[in-house]
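Here the structure is a predicted model, which is why all the values come from computation and not from measurement.
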Amino acid sequence: QVAARMEWRGGELPMKDKLDYQWNHSKRKQAIVQAAYTPDRFIVCFAKAPTFAEALAYLKAGVLFCTLASLPSYLGYVRLKQLGLAVGFSESYTLTDDAGTAHPAGYTYSAAE
């Protein structure tokens with residue numbers, strides 16, 4: 001089906017198909033890559049905190065993520081962990097569901113994990 005659309009469009013996928021089918025938008029594929037490389041070598045990074053529904057979907061898929069704002073701190077945590085230091089990384093933010101209810105969210109990683 002995707003190949004037929006590409007052929008019909010002269011070799012280009014419509015943007016919706018790119019978003020639906022390319023690997024970087026597939027939580028299932030990201031989970032496979034992250035499991036192979038570990039979150040120390042592959043982390044999904046959002047430009048801003050994900051929506052409540054997005055965060056739940058990524059958590060259910062087993063994908064760990066951070067925000068662009070916290071990426072430098074996360075990379076510092078990874079480097080210190082690689083050096084053998086017992087360090088941790090924590091990110092906190094608020095997710096708002098469709099009903100407008102705020103939910104505190106975030107992650108805590110430690111070198112022991």
Checklist entry - Can you tell me how far CG of L64 sits from CZ of F42, rounded to the nearest 0.5 angstrom? => result 11.0 Å
Checklist outcome for this item: Nearest heavy-atom approach of I43 to Q34 is CA-NE2, 3.7 Å
Next on the checklist: If you define the side chain from C-beta out and look only at heavy atoms, does anything of Y37 sit under 4.5 Å from I32?
Outcome noted: no
Item to check | Distance (rounded to the nearest 0.5 Å) between L75 CG and C66 SG | outcome: 7.5 Å
Checklist entry - Between the side chains of S70 and S73, is a donor N or O closer than 3.5 angstrom to an acceptor N or O? => result no
Next on the checklist: What I'd like to find out is whether the side chain of P50 reaches to under 4.5 Å of the side chain of Y58, using heavy atoms alone.
Outcome noted: no
Checklist entry - Say you draw a straight line from OH of Y74 to CZ of R79; how long is it, rounded to the nearest 0.5 Å? => result 14.5 Å
